[in-house]
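Worksheet for the structure shown next.
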Amino acid sequence: MENKLLEINHLYTSFRIRDDYYAAVDDVSLTVNKNEVLAIVGESGSGKSALAFSIMRLHNRAKTEGEILFKGENVIGMSDSRLNQVRGKDMAMIFQDPLTALNPLMTVGEQIGEALFLHNKKLDKQARRTKVIDLLNQVGIPRPEYVVDQYPHELSGGMRQRVMIAIAISNDPELLIADEPTTALDVTIQAQILDLIRQLKQKMNAGIILITHDLGVVAEMADRVAVMYAGEIVELADVETLFENPQHPYTRSLLNSVPNVNQQQDKLHVIQGIVPSLALLPRKGCRFKDRIPWLDESTHEADPVLREIKPGHFVRCTCYQHFHFPKEEEVDQSDLS
Ligand SMILES: Nc1ncnc2c1ncn2[C@@H]1O[C@H](COP(=O)(O)OP(=O)(O)OP(=O)(O)O)[C@@H](O)[C@H]1O
Ligand code: SF4
Ligand SMILES: [Mg+2]
């Protein structure tokens, strides 16, 4: 219990589209412990960023219901002043897109300095500059004394990403949410940034939510993994279990999509199709079953729920008992792309 940093219970985050609300995060429950990396994977549109924004309470036009307990305190019910104390200090986020997250009109130094000053008013200008340069050093930015006075557009994508990380770690957060922190960066920079996140976990005993499409990153970084599909968690397990014994068909398909040099890759074993858009998601029953039309209707549950099939291993529905990838004669039906 002591170790629990974040506990999310039955979270719903819904967006208004035309006359109705649609849940982009639909009854999600999970926990993050100190000194733990929880990876969240799932294809585009599955609700990963919507979940991250809800935890930080950054959505301004969404309806959020449920409980997000950060060290026992419900983020959803926090007053704005309390939220401003917690956000950027105790919990911080690295955003998916550094260009939109950084202010184009402020220098790197001013932006990191502002993040520091917000939570420590005693820091004078000179102390802030020293601390900013130290942070730039920590995130591996060369010539920090020079970069401190540059604007975001003067920096490369990798450097901007590091600036965002510097802002996120400036107040030693206990919970860090990293939303696709390495997408669009080249492999060397990716490795360095992941290393930084790993250090943060070790040095600061932080809990980390790492959102990524990259299963290689998951294998390398995560302690536990939640797989999301269309707003729901379809599988949750520790990283070894998930890679060695995946159960939900969506997880199995995701894992099959990673080229494996040791195995003959069979294209049929990757399920075709995409996550339907929010307004078109089925509101009743399983959101995934349309993507596996070769399975008989009678095998699907009317209202699939997440069940713990082994300690710590949760799978939505009973898929794992009867799922198979399409046989040759079922292939035509499965060609949804
Ligand atoms: N502000 C919004 N208003 C309406 N719909 C939204 C809004 N933000 C997200 N959505 C919808 O919610 C769903 C989940 O989006 P989200 O950005 O969380 O996906 P994601 O898993 O982060 O995808 P990606 O991997 O592409 O970043 C999508 O259908 C998206 O179109
Ligand atoms: S078996 Fe259950 S979870 Fe799997 S596709 Fe069918 S209804 Fe969905
Ligand atoms: Mg996203």
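Just follow the structure's listing: the first ligand is 1, and inside any ligand the first atom is 1.
Residue-ligand proximity: Gly42 is placed with every non-hydrogen atom at 4.0 Å or more from ligand 1. The shortest heavy-atom distance from Gly47 to ligand 1 is under 4.0 Å. Contact analysis puts His248 in contact with ligand 2, with a non-hydrogen atom separation below 4.0 angstrom.
Residues forming a side-chain contact (heavy atoms from CB on, under 4.5 Å) with Thr318 (at least two apart in sequence, or on another chain): Glu301, Arg307, Gln321, His322.
Ala24 CB, 3.4 Å is the protein heavy atom nearest to atom 12 (O) of ligand 1. Here the protein heavy atom with the shortest distance to atom 25 (O) of ligand 1 is Lys48 NZ, 2.7 Å. Looking from atom 9 (C) of ligand 1 to the surrounding protein, the closest heavy atom is Phe15 CE1, 3.6 Å. Of the protein's non-hydrogen atoms, the one nearest atom 27 (O) of ligand 1 is Gln96 NE2, 2.8 Å.
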Residue pair Tyr12, Val25: steps toward the side-chain contact (heavy atoms from CB on, under 4.5 Å) verdict:
CA-CA 5 Å; Tyr12 295 83; Val25 176; over 6 Å; no
side-chain contact (heavy atoms from CB on, under 4.5 Å) between Val41 and Val218: does it pass, once the steps are laid out?
CA-CA 8 Å; Val41 297; Val218 174; 3.4 Å; yes
Full working for salt bridge (charged side-chain N to carboxylate O under 4.0 Å, His left out) between Arg198 and Asp195
CA-CA 5 Å; Arg198 211 179 275 124; Asp195 221 37; 2.9 Å; yes
As a quick check of understanding, evaluate side-chain contact (heavy atoms from CB on, under 4.5 Å) for Ile292 and Ile271, giving each step before the final call.
CA-CA 7 Å; Ile292 46 178; Ile271 295 168; 3.7 Å; yes
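Scanning Pro276, Gly45, Ala279, Ala52 for the heavy atom closest to atom 14 (C) of ligand 1 points to Gly45.
Residue Ser44 approaches ligand 1 through these ligand atoms, each under 4.0 Å from one of its heavy atoms: 23 (O), 24 (P), 25 (O), 26 (O). Here is the list of ligand 1 atoms found below 4.0 Å of a heavy atom in Ala50: 18 (O). Near Leu278, with a cut-off below 4.0 Å to any heavy atom, the atoms of ligand 1 are 5 (N), 11 (C), 12 (O), 29 (O). Under a 4.0 Å criterion applied to the non-hydrogen atoms of Ser49, ligand 1 contributes the atoms 17 (O), 18 (O), 20 (P), 22 (O), 27 (O). Each of the atoms 25 (O) of ligand 1 lies under 4.0 Å from some heavy atom of His213.
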Enumerate, atom names and distances included, each donor-acceptor pair closer than 3.5 Å involving a side-chain atom of residues 84-96, sequence neighbours excluded.
| from | atom 1 | to | atom 2 | distance (Å) |
| --- | --- | --- | --- | --- |
| Asn84 | ND2 | Asp80 | O | 3.3 |
| Gln85 | OE1 | Arg82 | NH1 | 2.8 |
| Arg87 | NH1 | Met56 | O | 3.1 |
| Arg87 | NH1 | Arg57 | O | 2.9 |
| Gln96 | OE1 | Ser49 | OG | 3.0 |

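For atom 30 (C) of ligand 1, no protein non-hydrogen atom is found at a distance below 4.0 Å.
Taking a cutoff of 4.0 Å between a charged side-chain nitrogen and a carboxylate oxygen, Glu235 and Arg316 do not qualify as a salt bridge. Salt-bridge formation is detected for the pair Asp149/Arg129: a Lys NZ or Arg NE/NH1/NH2 atom is positioned less than 4.0 Å from an Asp or Glu carboxylate oxygen. Lys34 has no carboxylate O lying under 4.0 Å from a charged side-chain N of Glu174, or vice versa, which leaves the two without a salt bridge. A salt bridge links Arg291 with Glu43: at least one charged nitrogen is closer than 4.0 Å to a carboxylate oxygen.
Under the 30°/60° scheme for interplanar angles, the aromatic rings of Phe288 and Tyr229 are found to stand perpendicular. Using the six-membered ring where Trp is involved, His248 and Tyr250 have ring planes that are perpendicular, over 60° apart on the 30 and 60° scheme.
Using a 4.0 Å cut-off between heavy atoms, Arg16 makes no contact with ligand 1 at all. At a 4.0 Å heavy-atom cut-off, ligand 1 does not touch His59 at all.
The side chain to side chain donor-acceptor pair (under 3.5 Å) analysis of residues 113-124, with sequence neighbours excluded, yields no pairs.
Side-chain atoms of Arg16 do not come within 3.5 Å of backbone N or O of Arg61 as any donor-acceptor pair.
For atom 6 (Fe) of ligand 2, the nearby protein N/O/S atoms, meaning those under 2.8 Å, are His300 ND1.
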